Amino acid sequence: MTHGTGPNATRSPAAPQPAAASSTAAGSTGASRSPQARPRRARGLARSDAAIWTRGLTKSYGERRAVDHLDLHVPRGALSGFVGPNGAGKSTTLRMLLGLIRPTAGRGQVLGEPIGRPDRYLHRVGAMIEGPTFHPGLSGRRNLDQLAVLRGIGGHRGERRRRRVDEVLAQVGLSERAKDPFSSYSLGMKQRLGIAAALLPEPCLLILDEPTNGLDPAGIREIRALLGQLAGAGMTVFVSSHLLTEVEQICDHLVMLDRGRMLFQGHVTELLAAEDPRIHLVPELDGDARRLAGLLDEAGLRVEIDMRIGPPDAVAATEHRPVITVHAPEGLAADLNRLAMSAGIALRSLRAHRPNLEETFLRVTGEIDGDLARSEEGLAVPDGSVPPVGAGLGPAQSRGGAT
Amino acid sequence: MINAFRAEWVPLFRPRFLLGTLGAVLGCSVLGTMLTFLSVGHNDFDGDPVTAAALSHPSGMVQGAQAVSILLGVVALSVVAASLAGDHSHGTLRNQLVAQPHRARLLGGKLVALALFVVLVVAVAVVVSVALSFGLAPVAGVSTSAWLSASGIAALGAGFLNLCIGSLGYAAVGVLAAILLRGPAAAIAVSLAYALPVEMLISRIYRPARDWLPVQLMQEVATGGTTFTMPYADALLRGVLYAAAMLLVALVFFRRRDMTS
């Protein structure tokens with residue numbers, strides 16, 4: 001397992017340090033000549049590379065903490081994923097960032113402005129939170145018209161406003177159905193309209209809550225391409241999603257939340273690199289399994305043997321073939337094959353397995369279930385070699401990932 | 001606030017909402033006017049005789065509309081409560097607050113637009129009532145000559161203004177209920193229950209309470225101060241103060257409350 005490769009180790013030197021307890025002025029970045037002001041100024045500079053920055057952001061409802069001392073750092077220009085199980089506090093966090101609810105404690109900045117003054121930054125922010133919500137009786141275009149008027153897009157000139165509405169409708173592929181009432185839209189079309197509304201102000205920061213909900217595969221692909229295109233053009237995109245495969249594919253930065261607390265933030269590749277790569281070997285003859293495991297163990301590799309079921313996702317998992325799991329990177333697969341061959345052991349299969357984001361997420365949040373749980377059980381041996389929940393991440397990553 | 005004002009007209013002009021509102025006020029207006037003229041020669045609800053001579057006075061032209069001032073108030077209350085609470089329940093308020101984070105400006109713009117909408121709705125009701133009154137007057141033996149005099153026009157203006165103020169007072173109750181309860185059904189049900197049976201029961205059981213109950217005061221203003229012993233100006237002042245207090249409470253809640261759903 002690789003420790004020390006988390007965001008702390010790789011973050012740019014400009015990364016902000018935890019705020020001093022005495023500093024309570026939310027988002028204060030003003031320079032001062034006094035010596036006491038220097039740390040504050042340093043922090044202010046460090047925040048400048050962040051589109052979203054929070055320190056100790058907390059929201060409590062009575063005794064329950066929906067968001068618990070969240071230290072966010074979403075870099076400018078990043079396409080950042082925001083993941084967590086239901087009730088993790090994602091929507092509450094997004095609402096605080098959008099000025100819809102007030103934090104109980106903590107402070108933060110969005111686009112360099114304090115979150116206590118959303119009027120200073122929301123004109124540069126587009127958002128769709130908790131699904132697309134529009135007047136059901138109005139057409140998609142009229143719904144966008146209302147928001148465009150409210151934002152003052154085009155001033156009193158209807159022509160400019162109409163042009164902008166046309167642009168965003170075309171951007172999400174809704175031009176042909178723009179005149180139909182919102183209530184007649186499919187869920188996917190409603191999602192598109194929500195994204196169109198978020199794009200109206202030509203934002204620097206786009207915050208989307210589950211944007212691919214209800215979309216068909218083609219629609220998901222289009223939205224993925226659109227988000228990539230927007231991020232490529234310099235827009236910061238902060239997208240919450242349950243579709244971890246999507247997040248893994250499109251996001252370069254990730255924030256992982258559970259029970260209101262941060263589990264990880266940093267680059268997706270860092271998270272996955274910290275995971276434990278494995279190679280599964282199935283000998284052709286069941287009787288060779290223990291001998292092969294012994295050979296690999298002698299070679300200094302960490303080895304597990306499971307005599308119960310087949311490879312985790314094998315088609316014929318009920319064949320009950322013994323499986324040898326070697327904790328090693330994919331690059332060693334050829335060497336393992338040669339080692340087995342030299343000992344006269346033929347392999348039925350040899351597969352490299354690197355945990356993806358979904359597996360990592362489920363393991364870290366302790367929500368392993370279904371097929372994943374079964375596959376993990378399959379690998380379990382009495383020595384308890386299946387990593388416990390929370391393992392696989394360095395201390396800095398697994399708690400806060402302080403930047 | 002100008003943008004919020006302009007933006008609010010988009011949902012107000014939803015065909016179904018607009019037609020529903022206009023249908024309701026037209027119905028109220030026609031009903032009130034016809035019943036008023038058909039009542040000539042009979043007693044009204046309070047036992048006072050309705051005569052052709054009384055309707056021939058300059059103020060006779062707006063008697064029909066004033067007869068249903070409660071219904072116009074109910075329409076105003078319902079329209080405002082449905083519109084404001086609907087934004088909460090549909091979730092559209094979230095989008096609007098992201099587009100206009102100055103909550104006071106957003107609510108201010110909405111309220112001005114809604115107030116103007118209520119005034120337009122009352123205007124439609126009065127126009128229909130007056131037109132119908134001219135049609136029904138000969139049938140009921142009512143002379144319309146005084147209606148077209150200068151004092152008749154002044155009475156029409158005053159009647160329209162009173163109806164507007166009364167309806168806006170009802171609307172203020174709707175605003176408060178919508179902001180506090182955040183659901184159209186609950187807001188309309190609770191505010192109507194308060195405005196109609198609760199206040200009416202209280203004022204019938206203990207008559208002096210009429211001078212202090214907000215909706216009763218609005219009603220008095222809407223009918224031109226003809227039923228209370230209290231001077232019209234006092235009723236107007238108290239009614240306006242009540243409405244201002246309700247709007248202030250609504251504004252404070254709207255500004256400070258978390259938008260959680």
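To find a chain, count down the sequence lines: A is the first, B the second, and so on, and within it residues start at 1. Quick caveat: nothing in here was measured; it's all calculated off a predicted structure.
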Contacting moiety of B/Arg257, where chain A heavy atoms sit under 4.5 Å:
backbone
Side chains of B/Arg94 and A/Glu130, heavy atoms from C-beta outward: is any pair under 4.5 Å?
yes
Residues of residues 244-255 of chain B with a heavy atom under 4.5 Å from any heavy atom of chain A, in residue-number order, are B/Arg255
What do you reckon, is CE of B/Met34 surrounded by more than 12 foreign heavy atoms closer than 6.0 Å?
no
With a 4.5 angstrom heavy-atom cut-off, could you sort out which part of B/Leu93 is near chain A: side chain, backbone, both or neither?
neither
Under a 4.5 Å cutoff for heavy-atom pairs, which residue among A/Val125, A/Thr92, A/Ile129, A/Leu98 has the most contacts with chain B?
A/Ile129
Pick one of side chain, backbone, both or neither for A/Tyr61, based on which atoms fall under 4.5 Å of a heavy atom in chain B.
side chain
Identify which part of B/Arg6 has an atom lying under 4.5 Å from any heavy atom of chain A, answering side chain, backbone, both or neither.
both
Work out which heavy atom in A/Val149 is nearest to a heavy atom in B/Ala7; give both atom names and the distance.
CG1-N, 3.5 Å
Gap separating the CG atom of A/Asp119 from the CZ atom of B/Arg103, nearest 0.5 angstrom:
11.5 Å
Between A/Arg142 and B/Val10 the two heavy atoms that sit nearest each other are O-CG1, 3.6 Å
Could you give the distance from CG (B/Asn95) to CG (A/Asn143), rounded to the nearest 0.5 Å?
8.5 Å
Pairs of heavy atoms under 4.5 Å with chain B: top-ranked of A/His135, A/His123, A/Met128, A/Met96:
A/His135
For a quick test of reading the model, state the closest non-hydrogen atom pair linking B/Thr92 to A/Thr133 and the distance between them.
CG2-O, 3.7 Å
Provide the closest heavy-atom pair for B/Asp258 versus A/Arg102 in the form atom of the first, atom of the second, distance.
OD1-N, 3.0 Å
Do A/Ile207 and B/Val98 come within less than 4.5 Å of each other through their side chains, counting heavy atoms only?
no
Can you tell which part of A/Pro136 gets under 4.5 Å to a heavy atom of chain B, answering side chain, backbone, both or neither?
side chain
Counting C-beta onward and ignoring hydrogens, is there a side-chain heavy-atom pair between B/Gln96 and A/Gln146 closer than 4.5 Å?
yes
Does B/Leu237, at its CG atom, have more than 12 non-hydrogen atoms belonging to other residues, nucleotides or ligands within less than 6.0 Å?
yes
Once you round to the nearest 0.5 Å, how far does CG of A/Leu138 lie from CZ of B/Phe17?
11.0 Å
Looking at B/Trp212, I want to see if its CH2 is surrounded by more than 12 non-hydrogen atoms of other residues, nucleotides or ligands under 6.0 Å.
no
